[in-house]
Amino acid sequence: MKTRTRFAPSPTGYMHIGNLRTALYEYLIAKASGGDFILRIEDTDQKRYVEGAVDIIYNTLKTVGIRWDEGPDVGGDFGPYVQSERKDLYAPYAHKLVELGGAHYCFCGEREEQVDEEGNEIICKFEDPCKKIPLEEAKKRIAAGEPYVIRQTINKTGKSKYEDKVYGLIEIDYDELDEGVLLKSDGFPTYNFANVIDDHLMGITHVVRGNEYLPSTPKYNLMYDTFGWQRPVYVHLPPVMKDAQHKLSKRNGDASFQDLVAKGYLPEAIINYIALLGWNPGTEEEIFSIAELAKIFSVERLNKSPAIFDIVKLTWMNGMYIRALPAERFHQLAQPYYKDVPAFVDQEALSRTLQPRIETLTQISEQIDFIVALPAFQAELYANKKMKTDAAVARANLPAIREVLAGQIEWNNDALFAALKALAEKLGVKNGQILYPARIALSGKETTPGGATEIAVILGREETLRRLDAAIAALN
RNA sequence: GGUCCCAUCGUCUAGCGGCCUAGGACACCGCCCUCUCACGGCGGUAACGCGAGUUCGAGUCUCGCUGGGAUCACCA
């Protein structure tokens, strides 16, 4: 049978990293076996619906290269793919489940929080008194217009067992299960119910989701069993953590995919990194495109312990991706950060020296500040022990440097470097005593991306000579 | 609190009884390369939570403890 997985987000805001990773794994599980990946929007809770959230989901999946075979916008044979549009489909199943003895009508109203003498919340498994109401009587009350919900009926004896692909055998006493609401009084199904119905109707073979569902899965199994449907394969995933204690969450404003992109991370790097948060290929390779992942992914290598999201390692990986970019592509991605760059700058040369030196695109801004505007600097900046240079050396050599550069025909790094090296030889000084002062004069900064000659190329001849003149004047 | 789940370097992880004096990657430190910085190359520091047991032999199996997480809604 063809593998079918689904990503079923609720449109309540942006996509956080944990969510994205779940979608990724669902996609990879399907694709690794030539199956289909389905997108379904779970919007049964109108209270939490956030405008625009669906577009964020679409855009995020698209930019990371996750393509869905069926979904709200692309259609498919099992639609509609938005739960609110499937609303009328659930109630008949709920009533059928009542007939089959797997659920019952309940007239209790919303459950109140139970509190003991000391004000502590009493945690107890809910066993609904309404399940004792004879079915005929319940139907009469409903016919009379009394509001009701449909609750799952659970026989509290015995043990539930199921096999999870990552956690293995899970056993839970039926006594632990709550007789939860399946169909709300507004006629909408709860997640618990809609999920089972939709997964079955859409032919989902592998249910992949967070491990917070581990304890409630027996409830779903009960429904599958009562309906006589085949249970899906379960793949429960450990959470992605912010630190040892806390999950990554939207509420805390933890990094979302969009945030990371805005911070200069490449979608490919983000996907590569999060794929490795809880899964590994069993080899020592760690750079993978999503297409490569789709070939080698296997649930067997999924980890069961939580993984902490480490921005530092993501940053390293992003640097790897940036360096691997074709020069033109990098140049293109850098454009937004070149807004304030003066016209005299050779932007392509700038991109060439920047590309191996940054790990996130946003670092471009801080790297190029001295190009945008030469900072004011003190003569002490010329001092460098290792280069054996100081203000006096600068004062002595800068005019000769200026002269050489002014006479330079070919304005590229190799030519400039050769010319200045020749000057050092001619003057009988170390290369550093020429190049270091030149770099300081051109940049006004102790450290810069690239050396004196690279900077000269970026600045162009005129600006280079202008900055040299200014530096010479300042030293006298 | 009941129940369920988890537990190897700071972090991501390899390890499915002997190949482990525990391997890789990030980070960190040192050296090399070098016109500063970065890239790149080389090397180093650093972990099996604790205690019993099983076994000739345990990071690997079992139990207990400890620590952490999850779950117990007309939210998903």
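A note on names: the letters A, B, ... follow the listed sequences, proteins ahead of strands, and every chain is numbered from 1.
Across the strands present, B/C9 finds no partner; the criterion is a Watson-Crick or G-U wobble pair with both atom distances under 3.5 angstrom. Nucleotide B/C65 has B/G49 as its partner under the Watson-Crick or G-U criteria, with both atom distances under 3.5 Å. B/U60: no Watson-Crick or G-U partner with both key distances under 3.5 Å is found in any strand. Under the Watson-Crick and G-U wobble criteria, each requiring two contacts below 3.5 Å, nucleotide B/A22 is left unpaired. Base pairing annotation: B/U54 forms no Watson-Crick or G-U wobble pair, as no partner gives both donor-acceptor distances under 3.5 Å. Across all strands shown, B/G2 forms a Watson-Crick or G-U wobble pair, both distances under 3.5 Å, with B/U71. Applying the Watson-Crick and G-U wobble criteria (two distances, each under 3.5 Å), B/U34 pairs with nothing in any strand. If you check B/A14 for Watson-Crick or wobble pairing at under 3.5 angstrom, you find it has no partner at all.
Which of B/C4, B/C6, B/C74 sits closest to the side chain of A/Ile170 comes down to B/C4. Comparing atom distances between the A/Asp178 side chain and each of B/C26, B/U36, B/C72 picks out B/C72 as nearest. Distance from the side chain of A/Ser305 is smallest to B/A7 among B/C74, B/A70, B/A7. Distances from the side chain of A/Ile172 to the nucleotides B/C4, B/A38, B/G68 place B/C4 closest. Closest approach to the A/Lys184 side chain among B/C26, B/C74, B/C6 is made by B/C74 (side chain taken as heavy atoms from C-beta onward). Out of B/A25, B/A76, B/A73, the shortest distance to the side chain of A/Glu286 is found at B/A25. When each of B/U11, B/A76, B/U13 is scored by its nearest atom to the side-chain atoms of A/Ser10, the top-ranked nucleotide is B/A76. Of the candidates B/G2, B/A76, B/U13, B/U13 carries the atom nearest the A/Ala307 side chain, counting heavy atoms from C-beta on. Checking B/A14, B/C74, B/U36 against the side-chain heavy atoms of A/Ser185 singles out B/C74 as nearest. Set against B/C26, B/C35, B/C6, the side chain of A/Thr453 has B/C35 as its closest nucleotide.
As judged by a 4.0 angstrom heavy-atom cut-off over every strand, A/Gln367 is placed among residues making no nucleic acid contact. Looking at heavy-atom distances under 4.0 Å, A/Val312 makes contact with sugar-phosphate atoms alone, never a base. If you check every strand for non-hydrogen atoms under 4.0 Å, A/Phe309 touches nothing. In this structure, A/Met387 reaches the sugar-phosphate backbone alone: every heavy-atom distance under 4.0 Å involves primed, P, OP1 or OP2 atoms, never a base.
Panel note: side chain A/Asn397, backbone A/Gln433; a donor-acceptor pair is recorded below 3.5 Å.
Remark: the separation of the P atoms in B/G1 and B/G15 is 35 Å, to the nearest Å. Nucleotides B/A47 and B/C33 place their P atoms 32 Å apart, quoted to the nearest Å. With both ends at atom P, the span from B/A7 to B/G64 equals 16 Å, rounded to whole Å. Distance noted for atom C1' between B/C6 and B/A73: 26 Å (whole Å). Look at the P atom in both B/A27 and B/U21: the space between them is 29 Å, to the nearest Å. Nucleotides B/C61 and B/U45, compared at atom C1', are 33 Å apart to the nearest Å. One P atom belongs to B/C50, the other to B/A58, and the distance between them is 15 Å to the nearest Å. Of the P atoms belonging to B/U13 and B/C20, the separation is 23 Å, rounded to the nearest Å.
Residue A/Glu179 forms a side-chain hydrogen bond (donor to acceptor under 3.5 Å, both in side chains) with just one option from A/Lys131, A/Arg151, A/Lys156, A/Gln152, and that option is A/Lys131. Of the candidates A/Phe309, A/Tyr265, A/Phe288, A/Tyr321, A/Tyr273 forms a ring pair (Phe, Tyr, Trp, His ring centres under 6.0 Å) with just one, namely A/Phe309.
Atoms CG (A/Asn431) and C1' (B/U36) sit 14 Å apart, rounded to a whole Å. Here B/A70 presents its C1' atom at 9 Å from OH of A/Tyr167, a figure rounded to the nearest Å. Rounded to whole Å, atom P of B/U8 lies 9 Å from atom CG of A/Asn303. Put simply, CD1 on A/Ile17 is 20 Å from P on B/U11, counting in whole angstrom units. Regarding A/Met241, its CE atom lies at a distance of 12 Å from the P atom of B/U13, rounded to whole Å. When the P atom of B/C37 is taken as reference, atom CD1 of A/Ile358 falls 19 Å away, rounded to whole Å. Atom CD in A/Glu366 sits roughly 17 Å away from atom P in B/C37 (whole-Å rounding). We find that CG of A/Asp175 is positioned 15 Å from C1' of B/U71, with the value rounded to whole Å.
A cation-pi arrangement is not found for A/Arg141 relative to A/Tyr148, the charged atom failing to lie both closer than 6.0 Å to the ring centre and inside a 45° cone about the ring normal.
Salt-bridge annotation for A/Glu85 and A/Lys87: absent, with no side-chain N of the basic residue lying under 4.0 Å from a carboxylate O of the acidic one.
Atom CD of A/Glu171 sits in a crowded spot, with more than 12 heavy atoms from other residues, nucleotides or ligands closer than 6.0 Å. More than 12 non-hydrogen atoms from other residues, nucleotides or ligands lie less than 6.0 angstrom from CD of A/Glu163. Residue-environment remark: NZ (A/Lys161) stays at or below the threshold of 12 foreign heavy atoms within 6.0 Å.
In this structure, OG on A/Ser160 lies 6.5 Å from CG on A/Leu177, to the nearest 0.5 angstrom.
Under 3.5 Å, the side chain of A/Lys313 and the base of B/A27 form no donor-acceptor pair of N or O atoms. Side chain A/Tyr213 to base B/A76: a donor-acceptor pair is found below 3.5 Å.
Checking the phosphate oxygens (OP1, OP2) of B/G15, a side-chain nitrogen or oxygen of A/Arg301 falls inside 4.0 Å. Of the side-chain N and O atoms in A/Asn280, one or more sit less than 4.0 angstrom from OP1 or OP2 of B/A14.
In terms of position on RNA chain B, the residue among A/Glu171 and A/Ala8 whose nearest nucleotide sits closer to the 5' end is A/Glu171. Both A/Arg21 and A/Arg323 sit near RNA chain B, but only A/Arg21 has its closest nucleotide nearer the 5' end.
Between A/Thr12 and A/Ala53, the shortest heavy-atom contact is N-CB, 4.0 Å.
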A/His104 vs A/Thr153, test: side chain to side chain donor-acceptor pair (under 3.5 Å). Steps then yes/no. CA-CA 6 Å; A/His104 60 270; A/Thr153 304; 2.5 Å; yes
Run the numbers on A/Asn384 and A/Glu446 for side chain to side chain donor-acceptor pair (under 3.5 Å), then give the verdict. CA-CA 9 Å; A/Asn384 182 288; A/Glu446 189 175 0; 5.9 Å; no
Could I get a table of every N or O pair under 3.5 Å where one atom is in the protein and the other is in nucleotides 29-34 of chain B?
none

